[in-house]
Trainee: 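Can you keep this structure in mind? I'll have questions shortly.
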Protein chains: 2
Amino acid sequence: MGAAKSTEFSIKDNSIAKYAKALSHPARIAILKLLTKRQACICGDIVEELPLSQSTISQHLKELKAAGLIKGEIEGARVCYCIDEKQWKKAQTALNDLFESYNKTNSSNCC
Amino acid sequence: MGAAKSTEFSIKDNSIAKYAKALSHPARIAILKLLTKRQACICGDIVEELPLSQSTISQHLKELKAAGLIKGEIEGARVCYCIDEKQWKKAQTALNDLFESYNKTNSSNCC
DNA sequence: TATTCTTATCGCAATATTACGATAGAATTT
DNA sequence: AAATTCTATCGTAATATTGCGATAAGAATA
């Protein structure tokens, strides 16, 4: 009991949930904003900007990478992280479609 | 250790994360799609459509409600759930702004 | 080569999430 | 009034997430 039942749901629903999960922590939102706002994609720079330890930041980066939202490129001893544009747009579309599907059929709300 | 450090992040980042968290489970996506696609906002109908127990669905509904995305109205013995339009659009905007902030400054990707 | 810098991973602890059955309580039906 | 229907909540178990320090391993520097 308590085990995830993700296989019982559609691929699409799981995909949306996966993107949303990546965005479900303020630290990860802050990281993505940093990657967006400046060129400083170096891992160390992110660690300096956020109130979390290096190991914790590294873990959050790993999750964002697993979700596909970012990618990392090794630059010598450092790693440069940045948004994965293709997946970024996929995530945006997936989430926006969900929101829009309501807006379009916004006929008669029963509550 | 292991405690959430949400207070260390901005209200806005926490708000985005809160909405995303509500969307981070396929069952909740499925519930929202049901509320979107048909008028059947009755809790019991949702239970029948999804492969989860009544208590589990009730818990997911509680979380969606806590995030503000849905609201429930008691109709005798039943409860009618539906999308909270105002919050729905807030969530859509909050998430979309995050995505757009990258698309706009999409100048030179270092990776 | 030895040291330092940078990042990922391991191990651990605290907490949160997910799921279900049982049950309570309110409303409806018989 | 008794039985049934409907939903929320409690209790419990399994699993996942969050966070940190310690450490490992590769790269740069002295």
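A, B, ... follow the sequence lines: proteins, then strands. Residue 1 opens every chain. Computed from a prediction, not measured in an experiment: that's the story for all the values here.
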Trainee: Can you see which heavy atom on Ile83(B) is nearest to which on Lys71(B), and at what distance?
Mentor: O-CE, 4.2 Å

Trainee: Determine the contact category for Leu52(A): base if any of its heavy atoms lies under 4.0 Å from a base atom, sugar-phosphate if only primed atoms, P, OP1 or OP2 are that close, otherwise nothing.
Mentor: sugar-phosphate

Trainee: Please compare Lys65(A) and Ser6(A) by the position of their nearest nucleotide in DNA chain C and report the one closer to 5'.
Mentor: Lys65(A)

Trainee: Does Leu61(B) or Phe9(B) map to a spot on DNA chain D nearer the 5' end, using the closest nucleotide for each?
Mentor: Leu61(B)

Trainee: What string of B, S and - do you get for nucleotides 22-30 of chain D, 5' to 3', when a contact is any protein heavy atom under 4.0 Å?
Mentor: B----SS--

Trainee: For Arg28(A) and for Lys62(B), find the nucleotide of DNA chain D with the closest heavy atom, then tell me which residue's nucleotide is more 5'.
Mentor: Lys62(B)

Trainee: Quick one: ring-ring contact (aromatic ring centres under 6.0 Å, His included) partners of Phe9(B), sequence neighbours excluded?
Mentor: none

Trainee: Heavy atoms within less than 4.0 Å of DNA chain D: which residues of residues 16-27 of chain A have one? Give them sorted by number.
Mentor: Lys21(A), His25(A)

Trainee: Quick check for you: among dG19(D), dC20(C), dT7(C), whose closest atom lies nearest to any side-chain atom of Ser53(B)?
Mentor: dC20(C)

Trainee: Would you find a donor on one side and an acceptor on the other, under 3.5 Å apart, between the side chain of Ser24(A) and the backbone of Lys21(A)?
Mentor: yes

Trainee: Give a yes/no on whether any side-chain N or O of Tyr81(A) is located under 4.0 angstrom from OP1 or OP2 of dA8(C).
Mentor: yes

Trainee: It should be established whether Ser58(A) places a side-chain nitrogen or oxygen under 4.0 Å from OP1 or OP2 of nucleotide dA8(C).
Mentor: yes

Trainee: What's the CD-C1' distance between Glu48(B) and dT5(D), to the nearest Å?
Mentor: 12 Å

Trainee: Check the distance between dG19(D)'s P and Leu50(A)'s CG and give it to me in whole angstrom.
Mentor: 11 Å

Trainee: Check salt bridge (charged side-chain N to carboxylate O under 4.0 Å, His left out) between Glu49(B) and all other residues, then give those that pass, not counting sequence neighbours.
Mentor: Arg38(B)

Trainee: Given atom CD1 of Ile42(B) and atom P of dT28(C), what is their separation to the nearest angstrom?
Mentor: 12 Å

Trainee: For Glu48(A), which residues count as a salt bridge (charged side-chain N to carboxylate O under 4.0 Å, His left out) partner, sequence neighbours excluded?
Mentor: none

Trainee: For Glu73(A) and Tyr81(A), test the side chains for any donor-to-acceptor distance below 3.5 angstrom and give the result as yes or no.
Mentor: no

Trainee: Looking for any heavy atom pair under 4.0 Å, which part of the strands does Glu63(B) touch: base, sugar-phosphate only, or nothing?
Mentor: sugar-phosphate

Trainee: Between His60(B) and dA19(C), does any side-chain N or O lie under 4.0 Å from OP1 or OP2?
Mentor: yes

Trainee: If the plane angle is over 60° it's perpendicular, under 30° parallel, otherwise tilted; pick one for Trp88(A) and Tyr102(B).
Mentor: perpendicular

Trainee: With a 4.5 Å heavy-atom cut-off, do Gln92(A) and Asn103(B) have their side chains touching?
Mentor: yes

Trainee: Please state how far atom CG in Leu64(B) lies from atom P in dT7(D), giving the value in whole angstrom units.
Mentor: 16 Å

Trainee: What residues form a salt bridge (charged side-chain N to carboxylate O under 4.0 Å, His left out) with Lys33(A), not counting sequence neighbours?
Mentor: Asp13(B)

Trainee: Figure out the CD/C1' separation between Gln59(A) and dC20(D), and round it to whole Å.
Mentor: 10 Å

